[in-house]
2 protein chains.
Amino acid sequence: MTEPAEISSLTLNRLSLYLRCLRQLQDAGTTHVSSGQFAQHFELSASLMRKDLAHFGEFGIRGTGYRVDDLAARLTTLLGLDRIHNLAVVGMGSLGSALARYLSFNDKPFRIVAAFDVDGRKVGHKIGHLVIHHSRDIPEVIPQTEAQIAVLSVPASAAQQCYEDLTVSGIEAVLNFAPTQLKQHPAVRTKSVDFQINLEELAYFLSS
Amino acid sequence: MTEPAEISSLTLNRLSLYLRCLRQLQDAGTTHVSSGQFAQHFELSASLMRKDLAHFGEFGIRGTGYRVDDLAARLTTLLGLDRIHNLAVVGMGSLGSALARYLSFNDKPFRIVAAFDVDGRKVGHKIGHLVIHHSRDIPEVIPQTEAQIAVLSVPASAAQQCYEDLTVSGIEAVLNFAPTQLKQHPAVRTKSVDFQINLEELAYFLSS
DNA sequence: CTGCGCTTGTGACATCGTGCACAAGTCGGT
DNA sequence: ACCGACTTGTGCACGATGTCACAAGCGCAG
């Protein structure tokens, strides 16, 4: 019972979350954990966790629970986080720079291999050891890199154009931070992180 | 049929999205739109839009569609975006600064009224016209402000502590950017924007 | 005033996601 | 070797979410 059908986003996102929690347990020196303990500690659902894992096989030991190291390792592999993924960051405003810094800072399986901006004053400058290219050169530069995923942190007005440039450049996935509804290309897996909408949701509940 | 039951997050987030799209139409000079046209233009579902709106009453004219200005205005009111909401930003790293800049930059109904950081070198400095306070003073400073919503952009290791300081200070809602699973306070509406998890989801689909 | 074309609002239905409860299975003690 | 305590993995039921199709309603033309 390995990957038969497409796994849902919800399940996948929870798996990332489980892995993160497991790392916390590792740091605390915990070696074994049951789904019940785990769920209580992190305010998650035990049965849902077991069901999420069940999509990919059997990970636990009945009567005992899960070995933290083992489960963490298997989730890491399963999510593809044991390999390096190359990123291109498009839009080096304050948000793009913050994301770039965050992603360069650590030992995570993401590596920035290209950066773009429209601002002529930024082009040519370096962010870390990486030269910033002009956004108009996306179709030329991307194929020279091994970038698979693009992080789109440009103003909403420029997002669609950049998105399309990226799709024709052979980018396989895009993580969009621009507060706009992208017309998606079917061959490119696209997700949006829209903090404005989340903020507005909170505002709603205060206004009632 | 005004607000009888709790509206789901999904519906609410789509309403924000509709409003955003309507503003685009306003800028383009469009005065009337049917749900079909709207859905096709923005790649959304027409029937779902109608159902989302139906939670709050009747907004359209049968046979004609929706008046763009009218619907935008009613959604604005409905979502509470016709009032100013006061924000506190906790964590003035690169991400927090980027968010603060973004939120100060425009005419949106959010206003930053307090900023915090643990870094002694930042405390006392100004971001715009706002003094940065030390994070340890959250319980003292927040009640003096009218802050209702907190934006939490601190490292994961500090997030839980800051969150709890905020909850005891009378904050009503928290938008968390730290990549960690918060133990939530029931009286405080809390949402997380976790770009790391979204990135990992994209990575998964590339690895298969 | 009447009829026609169009669009909304909505009930019925299908699909998806989650909680519950228990059979299957494992470990340690005796 | 067996028993009992415990936990996983899973079938089932329920609730939430989205799609479809159509009746109700509106405006315009004649």
Side-chain angles (χ1 to χ4, degrees), chain A residues 1-18 21-22 25 30-72 74-75 78 181 197 201, chain B residues 1-18 21-22 25 30-72 74-75 78 181 197 201:
Chain A
M1 212 176 266
T2 47
E3 301 101 323
E6 183 106 328
I7 302 298
S8 89
S9 266
L10 293 163
T11 296
L12 227 33
N13 290 351
R14 280 191 300 266
L15 289 176
S16 287
L17 189 58
Y18 300 152
C21 294
L22 286 167
L25 291 182
T30 310
T31 58
H32 292 257
V33 70
S34 74
S35 64
Q37 295 169 325
F38 189 87
Q40 192 163 17
H41 194 325
F42 296 105
E43 296 195 336
L44 300 165
S45 154
S47 58
L48 189 49
M49 177 195 184
R50 296 200 299 272
K51 194 160 282 240
D52 286 334
L53 294 176
H55 285 106
F56 294 93
E58 310 207 348
F59 295 82
I61 305 153
R62 299 184 186 212
T64 304
Y66 300 89
R67 281 183 32 216
V68 174
D69 289 341
D70 179 49
L71 184 54
R74 291 183 66 182
L75 282 181
L78 209 147
Q181 174 74 351
I197 281 184
E201 180 188 337
Chain B
M1 214 176 270
T2 46
E3 301 98 322
E6 183 104 329
I7 302 299
S8 89
S9 265
L10 293 164
T11 296
L12 228 31
N13 291 350
R14 279 192 300 266
L15 290 175
S16 287
L17 189 59
Y18 301 152
C21 294
L22 286 166
L25 291 181
T30 311
T31 59
H32 292 257
V33 71
S34 74
S35 63
Q37 295 169 323
F38 189 86
Q40 190 162 18
H41 193 328
F42 296 105
E43 296 195 337
L44 299 166
S45 154
S47 57
L48 188 51
M49 177 196 186
R50 296 200 300 272
K51 192 158 281 231
D52 285 335
L53 294 175
H55 285 107
F56 295 93
E58 308 207 348
F59 295 83
I61 305 154
R62 298 182 186 214
T64 305
Y66 301 88
R67 280 186 31 218
V68 175
D69 288 342
D70 179 49
L71 185 55
R74 293 182 66 182
L75 282 181
L78 208 146
Q181 174 75 350
I197 280 184
E201 180 187 337

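Residue numbering restarts at 1 for every chain, and letters A, B, ... go by the order of the sequence lines.
Note: CG (A:L44) to C1' (C:dG19) measures 15 Å, nearest angstrom. B:H55 places its NE2 atom 11 Å from the C1' atom of C:dT10, with the value rounded to the nearest Å. Atom CZ in A:R67 sits roughly 12 Å away from atom P in C:dC27 (whole-Å rounding). Rounded to an integer number of Å, the gap from A:L48 CG to D:dT8 C1' is 15 Å. Rounded to an integer number of Å, the gap from B:M49 CE to C:dT10 P is 15 Å. One atom, CZ of A:R14, and another, P of C:dC16, lie 15 Å apart when rounded to the nearest Å. Regarding A:R74, its CZ atom lies at a distance of 13 Å from the C1' atom of D:dT8, rounded to whole Å. Atom CZ in B:R62 sits about 16 Å away from atom P in D:dC22, given to the nearest Å.
Taking side-chain N and O atoms only, A:S47 has no distance below 4.0 Å to OP1 or OP2 of D:dG9. For the pair A:S8 and C:dG17, the criterion of a side-chain N or O lying under 4.0 Å from OP1 or OP2 is met. At C:dT8, one or more side-chain N or O atoms of B:S35 fall inside 4.0 Å of OP1 or OP2 (strictly under the cut-off). When the side-chain nitrogen and oxygen atoms of A:Y66 are compared with OP1 and OP2 of C:dT26, none of them lie within a distance under 4.0 Å.
Residues B:R50 and B:Y66 form a side-chain contact, since some pair of their non-hydrogen atoms from C-beta on lies under 4.5 Å apart. Side chains of B:L53 and B:L75 form a contact here, defined as non-hydrogen atoms less than 4.5 Å apart. Residues B:I197 and B:E201 have side chains not in contact (no heavy-atom distance under 4.5 Å, counting atoms from C-beta outward). Within the 4.5 Å cutoff, the side chain of B:F56 has heavy atoms near those of the B:I7 side chain.
Between B:V68 and B:H32, the shortest heavy-atom contact is CG2-N, 3.9 Å.
Between B:Q37 and A:I61, the residue anchored closer to the 5' end of DNA chain C is B:Q37, taking for each the nucleotide with the nearest heavy atom. Map A:G63 and A:D52 each onto its nearest nucleotide of DNA chain C; the residue landing nearer the 5' end is A:D52.
Counting atom types as modelled, A:K51 pairs a side-chain N or O with a base atom of C:dG19 as donor and acceptor under 3.5 Å.
The listed nucleotides are C:dC27, C:dT8, D:dT17; the one nearest the side chain of B:S34 is C:dT8.
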